[in-house]
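Predicted model, so just to flag it, every value in this text is computed and none were measured. Whatever order the structure lists them in is the order used to number ligands and atoms, beginning at 1.
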Amino acid sequence: MIPKVDLKVVFTRLQEFKNEGKKILGIFPHSLIPDELIYAANAIPVRLILGGDEYAATKGTEYMTQATCPFARGCIGYFDQKVPIYTLIDGLVGGNFCNGDLIASEIITKFFNIPFLKVTFPTTTESFSLKFLQHEYIDFKEKLEQFTGSQITHEKLISTFDKYNTLREAFQKINLQIKNTTSSLKGDDLQNLMHRFLLLGPDEILQFINDLKIENVEQSNNKIPILLSGTGIALGDELIHFIEGFEAIVMINDTWSGIHFYREKLEHDPNDDPMATLAKHYLLKNESSRMVPNVRRLPRVLELIKEYNIKGVIDHILKFCDPYIADYKRFKESLQDAEIPVLQLERDYSTSLEQLKTRIGAFFEMIL
Ligand code: SF4
């Protein structure tokens with residue numbers, strides 16, 4: 001079993017990075033910001049993944065109304081409460097991934113006096129959108145170089161692409177081990193690994209994965225393989241652990257806190273313009289539900305269901321999470337048409353997991 005990331009350890013490590021002269025850049029976790037650029041600028045990308053806490057989400061309503069998702073409100077709440085790791089953040093990178101990103105980024109930078117490195121994302125995948133994003137990344141690269149005082153050289157960027165691809169491969173292998181039902185790993189373990197990566201960048205996690213000893217269990221288990229889709233799972237939200245408390249295993253976490261990072265490697269040719277390469281990867285391989293038209297999510301989910309022999313889908317929607325609310329009906333009906341059992345869980349952090357017990361239990365009984 002892989003333990004949850006210890007925030008005291010994260011704080012100490014980030015402080016060490018700062019002492020080495022590296023900037024700590026906070027990023028909204030599910031945006032189209034390429035971590036590769038930040039890492040190549042000798043800075044540490046820290047995804048703002050804390051969540052699951054009703055108190056922090058309520059604190060956020062001192063800055064905005066309740067009509068925004070609890071995750072974004074919680075992000076603001078954590079800055080308000082001066083949560084130690086967020087006090088180390090030198091600059092915030094945000095954009096317009098969704099309503100939550102747009103509002104929270106503006107509020108955090110304004111009220112907590114944190115420099116804002118803004119990137120604007122297109123919502124279509126047309127060729128002009130690709131060009132637009134490429135120019136945004138060029139602009140972002142210049143801002144990063146100024147902010148960190150480090151030049152992002154072509155060589156550094158290419159070696160960073162390779163490093164992140166190595167990490168993607170490592171995560172893919174672990175997910176395959178979970179598919180192998182004799183492995184002792186579960187979806188919750190993979191989530192803990194992802195959270196560690198999202199807070200500390202690639203180096204720590206690569207080392208951690210290399211040192212991992214994965215045990216095999218003696219007999220194959222008979223847990224129901226589940227795909228979790230929709231809103232991602234913040235550090236502090238125990239939903240995956242709770243689901244796996246039933247006779248089920250979250251084989252695929254199809255969210256920003258799971259497979260979205262590692263499903264596709266970044267294909268690159270050393271002779272291509274790296275900014276064009278990044279734009280292609282982040283726009284065309286975007287796995288979220290934010291694009292218009294939203295054409296990638298459903299075929300990808302159906303593909304994963306087949307590949308991992310999934311028996312049911314849980315569609316997780318945090319209240320006011322606009323990209324997934326918009327896909328509510330279409331997603332459910334398409335899965336039902338394909339005769340795949342689906343449970344839609346709309347919740348906020350004030351809903352205790354115990355309150356979901358009956359619905360989740362009944363869903364698994366229906367599958368068995
Ligand atoms: S994707 Fe959803 S949960 Fe995440 S910040 Fe945006 S609206 Fe909130």
Side-chain angles (χ1 to χ4, degrees), residues 26-33 35 45-54 56-61 63-80 83 86 89 92-109 116 118-123 191 194-195 198-199 228-240 253-261 282-283 286-292 294 296-297 300-301 314-331 344-351 353 356:
I27 317 165
F28 234 68
H30 30 329
S31 62
L32 283 79
I33 305 289
D35 282 16
V46 175
R47 297 272 165 179
L48 306 177
I49 59 169
L50 301 185
D53 176 1
E54 173 59 8
T58 304
K59 264 276 159 205
T61 57
Y63 298 82
M64 69 217 285
T65 71
Q66 282 201 344
T68 305
C69 73
F71 178 79
R73 283 190 279 120
C75 270
I76 298 167
Y78 291 119
F79 277 93
D80 179 274
V83 165
Y86 287 2
I89 286 171
L92 190 126
V93 188
N96 57 327
F97 179 88
C98 59
N99 195 32
D101 177 10
L102 194 68
I103 296 174
S105 300
E106 295 270 358
I107 289 178
I108 290 166
T109 50
F116 191 12
K118 191 170 183 176
V119 184
T120 306
F121 315 123
T123 44
Q191 182 61 97
M194 275 303 291
H195 282 156
L198 293 168
L199 285 175
L228 176 72
S229 191
T231 311
I233 306 300
L235 176 61
D237 184 351
E238 297 297 327
L239 183 64
I240 293 182
N253 174 358
D254 172 45
T255 75
W256 62 257
S257 65
I259 202 168
H260 289 190
F261 166 69
Y282 280 92
L283 194 68
N286 184 280
E287 310 286 9
S288 77
S289 211
R290 77 176 286 279
M291 306 307 287
V292 182
N294 178 3
R296 268 180 70 79
R297 184 184 183 203
R300 196 194 65 256
V301 164
I314 295 182
D315 186 20
H316 173 232
I317 305 164
L318 274 188
K319 285 205 167 114
F320 300 108
C321 175
D322 43 300
Y324 291 98
I325 288 169
D327 206 25
Y328 183 83
K329 186 173 164 67
R330 185 192 74 119
F331 188 68
Q344 289 187 300
L345 282 184
E346 190 183 355
R347 62 188 274 253
D348 59 21
Y349 296 144
S350 67
T351 316
L353 292 171
L356 303 174

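Counting heavy atoms closer than 4.0 Å to ligand 1, residue Phe28 contributes side-chain atoms (C-beta onward) but none from N, CA, C or O.
The tally of protein N/O/S atoms under 2.8 Å from atom 8 (Fe) of ligand 1 stands at 1.
In terms of the side chain to side chain donor-acceptor pair (under 3.5 Å) criterion, residue partners of Arg300 (sequence neighbours excluded) are, by chain and number, Asp254, Glu287. Residues passing the side chain to side chain donor-acceptor pair (under 3.5 Å) test with Asp35 are Arg47, sequence neighbours excluded. With sequence neighbours excluded, the residues satisfying ring pair (Phe, Tyr, Trp, His ring centres under 6.0 Å) with His30 are Phe28, Phe71, Phe97, Trp256.
With respect to Asp315, the salt bridge (charged side-chain N to carboxylate O under 4.0 Å, His left out) criterion is satisfied by exactly one of Arg347, Arg297, Arg330: Arg297.
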Query - Step-by-step side-chain contact (heavy atoms from CB on, under 4.5 Å) determination, Ser350 to Glu54 - result: CA-CA 5 Å; Ser350 67; Glu54 173 59 8; 3.5 Å; yes
Query raised in the report: How far apart are the C-alpha atoms of Arg290 and Asp101, what are their side-chain angles, what is the distance that settles it, and do they pass the side-chain contact (heavy atoms from CB on, under 4.5 Å) test?
Result: CA-CA 12 Å; Arg290 77 176 286 279; Asp101 177 10; over 6 Å; no
